Amino acid sequence: MISVRDGNLDALGELFERQSGPLLGYLVKTTGNYTAAEDIVQTVFQRMLKYRHTYRDDGSFSAWMYHLARRSAADHFRKANAAPVSTDPADLSEHGDDAPHANEHASSNDDKALLHVALSKLDSDDREVLVLSRFKELPFSEIATILECSVGAAKVRAHRALRQLRDVYLQLQKESLS
């Protein structure tokens, strides 16, 4: 990104190749809409180019990128006058983050499917903080930057969201056994 900021616009292509997949996975999981996520990825990279002069090398590039993605997603849905829809668990496995498939064990697949259903039942703020902390494994300092809150607040939000996810998961598991 430093090269792009300094005028080497060809480097944006390399950034796109490296970052578009993980960014798309993040946006699909947080918005629940694959088509909108694709559009938002394009918007993020357009904004990277447009606002390249604002990039500072004092933090993490991924935090800056996810912050742009978060803002772009909010703008997208505000313009479309639509809220993010809940995620279909079947779509999550099709558009993963380069994580290995867990096709080896049926019970593992069932647990993952149930977990994705539980994740889709959370509100978008809780889902977002969990995707950033657990799926993207970003440090809380970066999550705090993305969410525009303190590190402590980001940790509290993640803890509460994880507890909510656990409760929803256990309820779904109980219902599936009945």
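Predicted, not measured: the structure shown is a model, and the values here were computed from it. Quick note: residue numbers are just sequence positions, from 1.
For residues 146-169, every residue pair satisfying the salt bridge (Lys or Arg N to Asp or Glu O under 4.0 Å) rule, not counting sequence neighbours, is listed here: Arg71-Glu148. Pairs passing the salt bridge (Lys or Arg N to Asp or Glu O under 4.0 Å) check and including a residue from residues 31-55, sequence neighbours excluded, read Arg47-Asp75.
Legend: residues meeting side-chain hydrogen bond (donor to acceptor under 3.5 Å, both in side chains) with Asp6, ordered by chain and number and at least two apart, are absent. In this structure, Glu17 has no side-chain hydrogen bond (donor to acceptor under 3.5 Å, both in side chains) partners at least two apart in sequence or on a different chain. When the side-chain hydrogen bond (donor to acceptor under 3.5 Å, both in side chains) test is applied to Ser62, the partners found at least two apart in sequence or on another chain are Ser60, Glu142. For Phe140, there are no ring pair (Phe, Tyr, Trp, His ring centres under 6.0 Å) partners two or more places apart in sequence or in a different chain. The side-chain contact (heavy atoms from CB on, under 4.5 Å) search around Ala74 returns Arg78, not counting sequence neighbours. For Arg18, the side-chain hydrogen bond (donor to acceptor under 3.5 Å, both in side chains) partners are Glu14, not counting sequence neighbours. Scored by the side-chain contact (heavy atoms from CB on, under 4.5 Å) test, Glu137 finds no partners at all (sequence neighbours excluded). Residues satisfying the side-chain contact (heavy atoms from CB on, under 4.5 Å) criterion with Ser20, sequence neighbours excluded, are Phe16, Val41, Phe45. Under the ring pair (Phe, Tyr, Trp, His ring centres under 6.0 Å) criterion, Tyr51 pairs with no residue at all, not counting sequence neighbours. Legend: residues meeting ring pair (Phe, Tyr, Trp, His ring centres under 6.0 Å) with Tyr169, ordered by chain and number and at least two apart, are absent.
Side-chain atoms of Met65 and Leu15, non-hydrogen and from C-beta on, never get closer than 4.5 Å to each other. Here the side chains of Val129 and Leu132 are not in contact, with every heavy-atom distance at 4.5 Å or above.
For the pair Lys136 (side chain) and Pro22 (backbone), a donor-acceptor distance under 3.5 Å is present.
Between Leu122 and Ala161 the shortest heavy-atom distance is CD1-O, 4.2 Å. Closest heavy-atom contact between His67 and Ile146: ND1-O, 3.4 Å.
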For Glu128 and Arg70, what are the C-alpha separation, side-chain angles and deciding distance, and is it a side-chain contact (heavy atoms from CB on, under 4.5 Å)?
CA-CA 9 Å; Glu128 180 178 38; Arg70 186 171 189 257; 3.0 Å; yes
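Ring orientation note: the planes of Phe135 and His116 are close to parallel, at an angle under 30° on the 30°/60° scale.
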